[in-house]
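Basis for what follows: all heavy atoms, side chains included, without hydrogens, waters or symmetry-related copies.
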Amino acid sequence: MAASASSAINLSIKPSHTSFSWKTHLSSTSALAVSPISGHRQYPRFVIYAVGDKPTVLVAEKLGEAGVNLLKEFADVDCSYNLTPEELCNKISLCDALIVRSGTKVSREVFESSGGRLKVVGRAGVGIDNVDLAAATEHGCLVVNAPTANTVAAAEHGIALLTAMARNVAQADASVKAGKWLRNKYVGVSLVGKTLAVMGFGKVGSEVARRAKGLGMHVIAHDPYAPADRARAIGVELVSFDKAIASADFISLHMPLTPATNKVLNDETFAKMKKGVRIVNVARGGVIDEDALVRALDAGIVAQAALDVFTVEPPKDSKLVQHENVTATPHLGASTMEAQEGVAIEIAEAVVGALKGELAATAVNAPMVPAEVLSELKPFVALAEKLGRLAVQLVAGGSGVKSVKVTYGSARGPDDLDTRLLRAMITKGLIEPISSSFVNLVNADFTAKQRGLRIAELRSLLNGSPESPLEFIQVQISSVESKFASALSDSGEIRVEGRVKDGIPHLTKVGSFEVDVSLEGSIILCRQVDQPGMIGKVGSILSEGNVNVSFMSVGRVAPRKHAVMAIGVDDQPSKEILKRIGEIPAVEEFVYLKI
């Protein structure tokens, strides 16, 4: 760190979970760079600019005037639209911040071309599929988004598609413009008294529910994290996924695109729906198997669909778009004048704040963490996230995850064990598998609060050497049903516990059963009658399906009673293989969990 001889510096950090600030006293031509320890490029680097030394912000896609003006108060702004990937890479080495929408790919090559100067990428909107987060973090670049400003616009567009679909507005309009007058052909259906299933009860989903209630619809919803009291406050019943799709006359999708929701509406789920159901999607195109939707439309299972998003945008030669019972719009969910201005202001404020050295709750990649803390906790960080992922996958039913208790077993005193990063990673594991949120140390508490998730932390003080920061981490989820009854403790909570062995996270307890399986790949948990040959039977079935077993462990309450087998697998078993495991007479229940 260098400054001129006449410069003085006062570096202060505010005691806040969401922001850090620095105060500097420099000459008018000086700039102070605060960089991470050499060799630890995964931490964001911040530069504090003195008066007369403005950063440069590249705005690569159209941004509302109010946002651009806000940027100009702090930085030199370069508005260059429709750049090719090569042009973007050539420009980026001269820029401290980049703002994009969904049309610009911010790839690893962009970060490499920046030469370390790029400090902030702002995504004007919610999704960040077009930003390489791993590369951003590796190159010390903070990524922020604007998740709240377009909520109402997206909800309104969902309702617009719902009503237009029900009354055949788009088809009737095209018919009249073609010189026809087909009143009998375009008889619609009423919304009053019909059941709407809102799949994803976050910001947009809950706003759609409010408006649908105003139209006289009966609204149900599915969302593993939606607080039941918030849903009840607007007259919405939370139900399971299967009940939602089986009961609905209309289905409105508001879920993020994650591995768990990719093509979640497919041939199998369409077969469970009411004949004549109508579907609206203003979320992400990939949550619907588009070929399966065409088949469901042709078969009359789905009467109509109204789609604002598609797996590939713009769709080309799409049978789905051309289907006579489909209403399509070109991703207009956030396209209102008010939403565009709101997004522009929100992202401009986030980018300016980041360039000033502040860390906002909309940060979506790794924040700055002391290298020595991360080094010591690194294996436990991985354990914490994986325990969170396992625990949430064990939850069944529509009540929602509301209360989580985390217990840390350690020989260290409270002042010698900073659990903020561990809590953040547990939160990440609990929320990310079924959410579009990106959770880190900065936004973990904020994200949990927004979702009504309460996390209580307890310390179990152990005898022994304090050389290792932790002996075990235990995660418990209360007031929920479990897909795997054996994961419930004696007091009725889902309970998983793990330890780090030789630097590798291990699952060591499920419910009241002791197990020992490495948390790598994925896991199959089986509750069985304890009898000879069970390991061989399950192993043989997996072998026939070409599924490699990495670990296997059995915990039991007593010989010849009940046991839980934990099997680590490198490959995802097919549905047929899992079905065969479940058909073994001694297997009482089983569950497959992705880590």
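In terms of heavy atoms, L98 sits closest to A60 at CD1-CB, 4.0 Å. Nearest heavy-atom pair, I220 versus A244, reported as atom, atom and distance to 0.1 Å: CD1-CA, 3.8 Å. Nearest heavy-atom pair across I477 and V392 is CD1-N, 4.1 Å. Closest of all the heavy-atom pairs between L94 and T56 is O-CB, 3.6 Å. For the pair L297 and A305, the tightest heavy-atom approach, listed with the atom from each and the gap, is CD2-N, 4.3 Å. Here the closest non-hydrogen pair linking G545 and I577 is CA-CD1, 3.7 Å.
In terms of modelled atom types and a separation under 3.5 Å, the side chain of E109 and the main chain of C89 share no donor-acceptor contact. For Q393 (side chain) and L593 (main-chain N/O), no donor-acceptor pair under 3.5 Å exists by modelled atom type. The main-chain N or O of D289 is never found under 3.5 Å from a side-chain atom of N266 such that the two would form a donor-acceptor pair. Between the side chain of D308 and the backbone N or O of L332, at least one donor-acceptor pair lies under 3.5 Å. T261 contributes no side-chain N or O that, together with a main-chain N or O of V287, makes up a donor-acceptor pair within less than 3.5 Å. Using a distance-only test at 3.5 Å, with no hydrogens or angles considered, a donor-acceptor pair links the side chain of K213 to the main chain of G235. Using modelled atom types, no side-chain atom of E385 and backbone atom of K428 make a donor-acceptor pair closer than 3.5 Å. Of the possible donor and acceptor atoms, one in the side chain of N168 sits under 3.5 Å from a partner among the backbone N and O of V187. Distance alone, capped at 3.5 Å, places no donor-acceptor pair between the T362 side chain and the P147 backbone.
By the 6.0 Å contact criterion, CD on E65 is open, its count of non-hydrogen atoms from other residues, nucleotides or ligands being 12 or less. Summarising the local packing, CD of Q322 is surrounded by 12 or fewer heavy atoms from other residues, nucleotides or ligands at distances under 6.0 Å. With a 6.0 Å radius and a threshold of 12 heavy atoms from other residues, nucleotides or ligands, K263 has its NZ atom at or below the threshold. Within a 6.0 Å radius of CZ in R230, other residues, nucleotides and ligands contribute more than 12 heavy atoms.
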For this session: Evaluate the salt bridge (Lys or Arg N to Asp or Glu O under 4.0 Å) criterion for residues E432 and R389: first the C-alpha distance (whole Å), next the side-chain angles of each, then the deciding distance (0.1 Å), finally the verdict.
Result: CA-CA 8 Å; E432 282 192 358; R389 286 181 179 272; 3.7 Å; yes
For this session: For salt bridge (Lys or Arg N to Asp or Glu O under 4.0 Å), just list the numbers for D173 and K177, CA-CA rounded to whole Å, side-chain angles, deciding distance to a tenth of an Å, and then say yes or no.
Result: CA-CA 6 Å; D173 173 72; K177 288 177 178 176; 3.3 Å; yes
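Counting only heavy atoms from C-beta outward, the side chains of I159 and L215 approach each other to under 4.5 Å. Within the 4.5 Å cutoff, the side chain of V282 has heavy atoms near those of the H254 side chain. By the 4.5 Å heavy-atom criterion applied to side chains, I595 and I523 are counted as neighbours. Using a 4.5 Å cut-off on side-chain heavy atoms (C-beta onward), S403 and S479 make no contact. You'll find the side chain of F241 stays beyond 4.5 Å of the side chain of P224, heavy atoms only. Within the 4.5 Å cutoff, the side chain of L307 has no heavy atoms near those of the E290 side chain. Side-chain contact between V352 and L71 is present, with heavy atoms from C-beta onward closer than 4.5 Å. Using a 4.5 Å heavy-atom threshold, the side chains of V100 and K105 count as separate.
Looking at H323 and D298, their side chains do bring a donor and an acceptor atom within 3.5 Å of each other. Side-chain contact, S80 with D78: a donor N or O sits under 3.5 Å from an acceptor N or O. Side chain to side chain, T148 and E346 meet the donor-acceptor criterion of an N or O pair below 3.5 Å. Residues E576 and S574 bring no donor and acceptor atom of their side chains to less than 3.5 Å of each other. Between the side chains of H331 and S102, not a single donor N or O lies within less than 3.5 Å of an accepting N or O.
Atom CG in L58 sits 6.5 Å away from atom CG in L88 (nearest 0.5 Å).
Of the charged side-chain nitrogens involved, none lies within less than 4.0 Å of a carboxylate oxygen, so that E207 and K203 do not count as a salt-bridged pair.
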Can you list, pair by pair, the side-chain donor-acceptor contacts under 3.5 Å of residues 188-198, counting residues two or more places apart and other chains?
unit_1	atom_1	unit_2	atom_2	d
S190	OG	V192	N	3.3
K194	NZ	S190	O	2.9

